[in-house]
Amino acid sequence: MSGSPYAPHTDAETAAMLDAVGAADEAELFDIPDPVAFDGEFGIESRSEQALRRELSGLLAENDDLTEFLGRGHYEHYVPSVVDSLSKRSEFLTSYTQYQPEITQGFLQALFEYQSMLVELTGLEIANCSMYDAATALGEAALLADRVRSADGEVVLVPETLREGKRSVLANYVDGAALRVEEYPTEEGTADIDALDDAVGEETVFVYAETPTVRGCIEPNLAGIGEIADAAGALFCLGSDPVALSILEEPASVGADVVVGEAGVLGLPASYGMGLGLFACKEEFLRQVPGRLVGASEDTEGTRAYTLTLQTREQHIRKQRATSNICTNQAWVALRAAMHAAYLGADGLVDLAEDCVTLAQDLAQDIDDIVGLRAPVDDRHQFREFVVGTDQPAQAVADDLEAEGFAVHVIGQHRLQVCVTDANAHAADDLVAAFEEVAA
Amino acid sequence: MSGSPYAPHTDAETAAMLDAVGAADEAELFDIPDPVAFDGEFGIESRSEQALRRELSGLLAENDDLTEFLGRGHYEHYVPSVVDSLSKRSEFLTSYTQYQPEITQGFLQALFEYQSMLVELTGLEIANCSMYDAATALGEAALLADRVRSADGEVVLVPETLREGKRSVLANYVDGAALRVEEYPTEEGTADIDALDDAVGEETVFVYAETPTVRGCIEPNLAGIGEIADAAGALFCLGSDPVALSILEEPASVGADVVVGEAGVLGLPASYGMGLGLFACKEEFLRQVPGRLVGASEDTEGTRAYTLTLQTREQHIRKQRATSNICTNQAWVALRAAMHAAYLGADGLVDLAEDCVTLAQDLAQDIDDIVGLRAPVDDRHQFREFVVGTDQPAQAVADDLEAEGFAVHVIGQHRLQVCVTDANAHAADDLVAAFEEVAA
Amino acid sequence: ENEPLLTEKRSDTVEPGDALPDDLTRDELTLPNPEEPELARHYTRLSQMNWSIESGPYPLGSCTMKYNPPVTEDVAADPNAAVHPDRSADSIQGTVGLLAGLQDYLGRIGGMDAVTLQPPAGAAGEFTGIAVARAYHRANGEDRSEVLIPSSAHGTNFATAALAGYDVVELPSGEDGRVDMEALEAAVSEDTAALMLTNPNTVGLFERDIEAIADVVHDAGGLLYYDGANLNALLGRARPGDMGFDIMHYNVHKTFATPHGGGGPGAGPVGVTEELEPYLPNPRVAETGSGYELVESEDAIERVHGFQGNWLVLVKAYAYIARLGDSGLADASAKSVLNANYLAGQVDLAVPYGPFHHEFAATAGDAAAADVAKRMLDFGVHPPTTNWPEMVPEAMLTEPTEIESKQSLDDLAAAFDAALGSTAEERHDAPSRTTARRIDQTNAARDPRLSWQALDGE
Amino acid sequence: ENEPLLTEKRSDTVEPGDALPDDLTRDELTLPNPEEPELARHYTRLSQMNWSIESGPYPLGSCTMKYNPPVTEDVAADPNAAVHPDRSADSIQGTVGLLAGLQDYLGRIGGMDAVTLQPPAGAAGEFTGIAVARAYHRANGEDRSEVLIPSSAHGTNFATAALAGYDVVELPSGEDGRVDMEALEAAVSEDTAALMLTNPNTVGLFERDIEAIADVVHDAGGLLYYDGANLNALLGRARPGDMGFDIMHYNVHKTFATPHGGGGPGAGPVGVTEELEPYLPNPRVAETGSGYELVESEDAIERVHGFQGNWLVLVKAYAYIARLGDSGLADASAKSVLNANYLAGQVDLAVPYGPFHHEFAATAGDAAAADVAKRMLDFGVHPPTTNWPEMVPEAMLTEPTEIESKQSLDDLAAAFDAALGSTAEERHDAPSRTTARRIDQTNAARDPRLSWQALDGE
């Protein structure tokens, strides 16, 4: 293979085309001054399809085969085969943004349905087509607050336990708006309400809380947080995910103005942190929403049809006054999440969410029964995951578990974190046995 | 899950439907006398999708991970990813026979193209949509001979080296027609022409030869075999495959009346012997062809369209006077073979076939260089595979090779057989090294 | 719009190189040569011109077009499933273990003592079963020459009996649509090798006299063969083995929902009673103390497939059965029968025979069934099997299977009724909303053009 | 025919069980509940109502819609690729090794010294790059406030600069369609943080003065940022690093053909010169003697993604690059430029600016570009990007990419010409052969209905 396997030109066709454009060869078509011309030698060897697959499967096989009990923002639920087979249909997989809605009704409707499911789950009126992940959605939410709050504040408040990746992305996003990120104390893995009340002030434009939190704790006083934010004129942003929202309090009912989070808990397998940013908000912020929105309309025959809408918010029209710089987003992942949600239905989602509670509860109990371990450390209801206290140094315990074939988080000198879902529940007993081996 | 996950009925719907049909429950709809009623207890446990995948991937992982240098009728060539992604499109995968051609033009055209490719490869005018595999295609060919030859003979002649699976299937197929299978001698892995000439007589209705043969030998005198058969008024049936036919003599040009073989060398990965029966023949046998045929026609607007045709040959119309009992066939495998052939194109097919010659030649040479081994044993051009002579007992050598991670055939006390294609060529050097280890 | 043939896009002609001497090689080869993007577009377009079970209802009577769960594809795509048939059983315990498991499951489901998985399709299963019967009679020193088959049976039954060298004795149906006991008794003789029976039969009726039928056949020394085409109606409710059948085949691509795109591949495992087990084709899988092995029987019939059959299909069948389990299988049957009965009640068509189970043979009455079917295409559904079985005039043999919802059945009934409510002329001119309009079948057969080579000059 | 919404088929309302106390749970949840066969039919139908690269030409200017090779899907579906981001690097040497390999490849292709793979899209890459510039200037004690952007640039450039807190200074294009050097010199100042440039620019022209441009910006203490949207035009012919760019992003979903169905996911890795490497976000992958590890820099900017970016996209990009290699990548560029030039010569449209490379901005002249595009839909192709960039009146920005054959380009040209040859009324009424007719955009925005909940009562 001397050229691109995906450029279909025969030599005769290339010659005819060059003739038609009046060029002797392709090089003649490039208007590149000599001093900046490159000789084409990257030193990258072309592989046959077969060799490529062998090479990369060999490379990836260097990943140790550990059973993961990992969470803290990236979760795996079993994705049914039908989601794969349908989402990989080429009409979905190899399309792009719906600039011509008349021939892209399929994806538009799927995204409209995705938005609608999030509307149901959050109780808020508006959901966009996707942000990149939970962290960037949080960043966008803080900037929304900056746009919609008349208050002159510059403080964005987040829990002290916020995952560093999220805190860092948030700090990056708000830098340009001259906001700053401050933390409020937590207790037992959730907001310390009194301390939060003290922390919120006139300068606060945005209060962020999560449920479940990064430690897997279900926040017991969301309405209280919402009231504190509201009293200060700050936007209350709640972080969650579509599985948790299937049973937890509806965000709208606790006063959330915006909901962000990781919607890739549906539709995505473990994928090294790749995500799908959930973004939903109240209708009053409609003209300030970042990202794409699909709306219903009609065609000239009066038939219902879908189209991207309110694009005047977006960068390709509004440029530096756009509500965000986002363009390429996570639409195909949103499609998969919608498929997964529809596959489960309301009953399947509720069952899955309840399993996240009971599996964590049961596994924590089993671990707590082991001498030298305590779980859960926090006095809260747990969702998917929980913190484990260890008598031994946590890193040593984790290393020993890894030798037994299990991966868990180390989050402190004597603190591990363990996450259990339907994806790894079959190995929970084995994990307990391994804990018994190594914890003593 | 208490019912079928693929029966969509809610309880309310089931109730409404039962009400509509006037039954109290589903059991009432079954008109089964008590003495033959069954209680439904098979003792088969229902698995969740996730548990099922884990269980079966665990079970299949009990297969040892050997690099296979195996052939003798079942061959692997690398199947490009695009063949998988296209053939698994649900419109292809989950369709059935084209009883309504107006809404199944896609598959009909694909099968028409498959037939056409075989016409080009064989030089014969007719190719059907598929038989099950090479062995059953051979059986059908012998029965075709019985129908079209006026001669009163009852002997079907095959090479003595014919793979047992094929011989046995052939014997089964011709039993009902009161034919019998006899063998003619071979020499150096191909037909012993003089002995064949002696073996053919008035009672012979069918002469079968292969190229390449089961020992990987390219038959040097196909035209001679054709003449012998023709002189006796017997049908000359040639066994081959689409890759070999890409460079070997065109069957029509050596007098073949029928070509059978394994077309699954294209499109199918190693699949434990699952196949695709190639069946092509001269136009004069058109009304006697077994299996499905797609023809071109026109619709009422005069547009070219495709349809199953000449169905009066088939069992659903002709019943006991049909040309075969075949109904369900290997259509989807034929689709994959056509895709693979189109992917390769004429140049790709010829290159692949030439690789089958040179890879075998080179590997045989390397093995021949090892003390205690001789290859190829036959004084013939080899295609994909060849016989190896061993000083040590062949079974012991094979067992030792298996311990080193390689599978080869044992075909005699001091005879191994080795097959090399693009699918395992990357490991050929390792095989040679292993041979060096174990052959001494 | 039509998609051009591959050869109308781009072809290459090449000559073999010098790997072989000229006298062994062809002169040249001409084939289409689309590059990958064009290949992808070609087959994507073709696929969009093809009805499938994921397009909508597909109620082809006797074909059992069920949803094919993608999870079974994923299981079969396991790299460890890609093995060569000449591997030693020791080295592929996963593969032979799975086959052993499927043998066991099928035996339980059919009430059979032993099962071979080798037959690659239903008709191949029939051939296997009749060959087993033939071997059994021969072993008993008997040269029986006849196979009895009800006139309503699938065409494959007749063709299979003929293929195995038997004379076919056709049994007329009784007035109630079932086997006519008197006709059976008259037909049975010492020449009877076997009776091939479908139950429920091809108009969906359970052969209530099955025990008596078995007695008649067995008393004459014949064997009773069960055609598994309609097994989806009986899962968990009745088993052929319990009814007195000696031999049966399973259409796993129907009953157990393995995809068989465009017409195959299927698989037709055969189950038999203990007495007949020695005659099943070699090799079979057996469990030993330490694992699974391939075993051979001296009395086995000759083979029906060059290797071990359609392995990838068998994997999917195993996966489907294991996914559903007892309760799922029984529910599949229950809902398939409920759906057929419900649908029959919703359409304006007479159904001459009953009580039917998973399918019903309606009559189009004064209308031509084939035309009604063509008109149904315009309403976005696949029509039923038409003009078969012949005992029902203008038959529309309809099998919705369990996968259709009530809403879907209501839509399907509406399509039936709209087609019936069309004028004869509308039906004759149908379809009009499909990729192709009505296709000329007569000319296709009178002037066969079976390859693009035959189209040259058009 | 339209496909109903999922919620118009079947919905369920359920209440949470008792795993949690009532005060922590919602009252109820109502969502669609199609069973699997209906789910499959729903999305199959939707897919068939969607244009894709496997449907036909997709010449959206600036979008580089190339064929997405399925082999890259297969590679990314490897079970070993499914790992959690908090795994220790030691235990996932395959994953981090692949990332290291991709960093290396991208560095070579762009002529950059260091690369981060974290940005999950092109715009995220821009934000990363501008944040790096910001950090660099801050580290130098400078508080520069402006980013210069040509008026023809992608909207993301402007939005990104604003997001990072910069004032945008828009540069007018010169008469030749390129950067106006005088305007640039006038605009550059000690407030200039960076110039963001696309090269070839958005009408396909190579900025021939790139060396002088770089000097002007660098002399003023600014940095030069390369927008990788059009990199497909230059592979193997020129490298941003060699042109004097300090920072660049790669749109791997464009240039390296990773599928981004419906609008994403993409990935926007960022390359920088050695001087700027310390500012790339943490962590990055580095090779050590014994393997690969994740390393952090003290001077790094804050992160742009919660984890390590769009891993599955990165795997596919690596696979694509490795499949093509040097010669394939260079050929991709050569053929993309040849195709654009050939197509431009076949259509009856004026192209104001040249010589262009992989895309050309034709003008529809007296016709409304948007209407021409709608009419093209009726001829079975996807139209180009319309009305952008603004420097070309009624612009039709056309980028066929290298994957179209001569025949396909001829067909595409015929669609252009047929649309142009239509009457204004025909164009205004177009499309008429599509799933939906012309859709009312005005009403969609005036009366936003953004969920099925908002459709209640319709």
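Below, chain A is the first sequence line, B the second, and so on; all start at residue 1. None of these values were measured; they are calculated from a predicted model.
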Side chain, backbone, both or neither of [X] within contact of chain C (heavy atoms, under 4.5 Å):
| X | answer |
| --- | --- |
| B/T136 | side chain |
| B/H74 | both |
| B/L293 | side chain |
| B/S253 | neither |
| B/L349 | side chain |

Atom group of [X] that falls short of 4.5 Å from chain B, counting heavy atoms:
| X | result |
| --- | --- |
| C/L377 | side chain |
| C/P448 | side chain |
| C/Q346 | side chain |
| C/S88 | side chain |
| C/L39 | both |
| C/P383 | side chain |
| C/P431 | side chain |

Self-check item: Residue among B/K166, B/R163, B/E250, B/M117 with most heavy-atom pairs under 4.5 Å to chain C
Solution: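 Greatest number of close heavy-atom pairs with chain C: B/R163.
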Contacts of type side chain to side chain donor-acceptor pair (under 3.5 Å), residue C/S55, not counting sequence neighbours:
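Checked C/S55 against side chain to side chain donor-acceptor pair (under 3.5 Å); matches are C/S52.
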Winner by heavy-atom pair count (cut-off under 4.5 Å) against chain B, out of [options]:
| options | value |
| --- | --- |
| C/A161, C/A436, C/G309, C/C63 | C/A436 |
| C/N251, C/N339, C/D27 | C/N339 |
| C/W51, C/Y166, C/Y43 | C/Y43 |
| C/E54, C/K335, C/Q93 | C/K335 |
| C/H382, C/H305, C/M243 | C/H305 |
| C/L20, C/I210, C/N443, C/L234 | C/L20 |

What class does the angle between the rings of C/H357 and B/F30 fall in, given that below 30° is parallel, 30 to 60° is tilted and above 60° is perpendicular?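 Correct class here is tilted.
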Within the 6.0 Å centroid threshold, strictly below: B/Y173 and C/F127: yes
| said: Any donor-acceptor pair under 3.5 Å linking the side-chain atoms of B/S90 with those of B/T94? | reply: no
May I ask you to check whether B/S116 and C/S451 show a side-chain donor-acceptor distance below 3.5 Å? no
Exercise for review: Go through the structure and list residues passing ring-ring contact (aromatic ring centres under 6.0 Å, His included) with B/Y6, not counting sequence neighbours.
Suggested key: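 Scan of B/Y6 (ring-ring contact (aromatic ring centres under 6.0 Å, His included), adjacent residues dropped) gives C/Y67.
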| Do the side chain of B/T104 and the main chain of C/N50 share a donor and acceptor less than 3.5 angstrom apart? |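 Checked: no pair found.
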Rounded to the nearest 0.5 angstrom, the CG-CZ distance for C/D78 and B/R53 is 9.5 Å
